[in-house]
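These notes concern the structure reproduced below.
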Amino acid sequence: MAGRTGMALRMAALGLLLLVAACAKIYRNHGYVPDDVELAKVQVGVDTRETVTEKIGRPSAQGLLNDLGWFYVQSRFEHYGPQEPTEVERQVVAINFTESGKVANIGRYGLEDGRVIELSRRVTESNIRGVSFIGQLLGNVGRLNASDLVRN
């Protein structure tokens with residue numbers, strides 16, 4: 001009888017442990033944004049698309065390549081138990097190129113209270129093309145579900 005009680009207590013403790021573990025927050029990152037150390041290798045006015053590719057890589061499927069420049073996008077999702085994942089952070093690194101293909105601007109953007117904020121910027125000219133585009137990339141926080149990122 002004592003053996004059955006001990007076994008029941010162990011099973012209950014295991015069940016409780018699994019229940020607590022299921023309720024722990026889990027964070028997942030999607031996309032790629034080069035960090036400050038990697039970006040420091042890229043020189044404004046010197047590097048080209050090819051050398052940027054060698055130093056930090058091209059934007060992945062999560063980022064964008066267009067005539068305005070390259071946009072590296074990373075999102076952080078919070079998973080909590082059986083609830084739907086929530087996007088809690090999004091960051092964009094924008095690298096703009098001149099018509100001759102040299103790096104003109106490098107900017108890092110994030111969100112704070114629903115507003116696009118500039119985290120850092122290195123430029124050769126005063127205007128960054130595509131700033132409204134960056135606002136669109138960052139403005140979708142909360143409207144994008146993790147299931148949208150996974151293909152069936």
Side-chain angles (χ1 to χ4, degrees), residues 13-152:
L14 179 63
L16 183 61
L17 181 64
L18 289 174
L19 181 64
V20 169
C23 293
K25 289 183 183 180
I26 299 172
Y27 293 95
R28 294 217 170 109
N29 295 320
H30 296 275
Y32 163 71
V33 170
D35 62 25
D36 289 334
V37 173
E38 291 174 308
L39 281 179
K41 297 175 186 174
V42 178
Q43 296 179 359
V44 175
V46 175
D47 280 305
T48 64
R49 285 180 173 87
E50 292 76 27
T51 59
V52 170
T53 298
E54 293 169 8
K55 292 178 180 183
I56 62 173
R58 294 169 65 96
S60 67
Q62 301 296 326
L64 294 167
L65 297 133
N66 65 23
D67 59 342
L68 297 175
W70 292 359
F71 300 90
Y72 300 81
V73 182
Q74 182 178 31
S75 297
R76 184 173 175 95
F77 289 88
E78 178 182 86
H79 299 259
Y80 186 72
Q83 296 176 355
E84 186 173 327
T86 305
E87 187 173 21
V88 294
E89 181 183 344
R90 184 177 295 176
Q91 203 174 124
V92 174
V93 168
I95 299 180
N96 296 101
F97 298 94
T98 64
E99 288 182 19
S100 64
K102 295 208 184 269
V103 174
N105 306 305
I106 300 172
R108 181 183 297 275
Y109 303 90
L111 280 180
E112 186 174 290
D113 301 326
R115 295 176 302 132
V116 175
I117 58 165
E118 188 174 288
L119 302 175
S120 67
R121 181 171 124 179
R122 294 186 293 163
V123 298
T124 56
E125 56 187 62
S126 61
N127 186 16
I128 292 184
R129 298 178 319 235
V131 171
S132 63
F133 179 71
I134 293 167
Q136 291 174 1
L137 285 174
L138 288 167
N140 286 323
V141 170
R143 289 184 239 160
L144 181 68
N145 295 323
S147 60
D148 295 340
L149 300 173
V150 179
R151 294 183 181 171
N152 294 331

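As the structure is a computational prediction, the values presented were derived from the model and not from experiment.
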For Glu54, side-chain hydrogen bond (donor to acceptor under 3.5 Å, both in side chains) partners two or more places apart: none
Results of salt bridge (Lys or Arg N to Asp or Glu O under 4.0 Å) for Glu38 - residues two or more places apart only: none
Atom pair NE2/CD of His30 and Gln74 - distance to nearest 0.5 Å: 10.0 Å
Atom of Gly45, atom of Lys102 and distance for their closest heavy-atom approach: O-CD, 3.3 Å
His79 and Phe77 aromatic ring geometry - parallel, tilted or perpendicular at 30°/60° bounds: tilted
Min side-chain heavy-atom separation Val103-Gln43 under 4.5 Å: no
Asp35 side, atom CG; Arg108 side, atom CZ - distance, nearest 0.5 Å: 7.0 Å
Heavy-atom closest pair, residues Tyr109 and Ala94: CE1-CB, 4.1 Å
Minimum side-chain heavy-atom gap Ile56-Ile95 below 4.5 Å: yes
Rounded distance (nearest 0.5 Å) linking atom CZ of Phe71 with atom CG of Asn96: 5.5 Å
Minimum heavy-atom distance Tyr72-Pro59, with the two atoms named: CE2-N, 3.5 Å
Point-to-point distance, once rounded to the nearest 0.5 Å, from CZ of Arg28 to CD of Glu87: 15.0 Å
Pairwise distance CG(Asp47) to NZ(Lys41) - rounded to 0.5 angstrom: 11.5 Å
Smallest separation among heavy atoms of Thr98 and Ala104, with atom names: CG2-CB, 3.7 Å
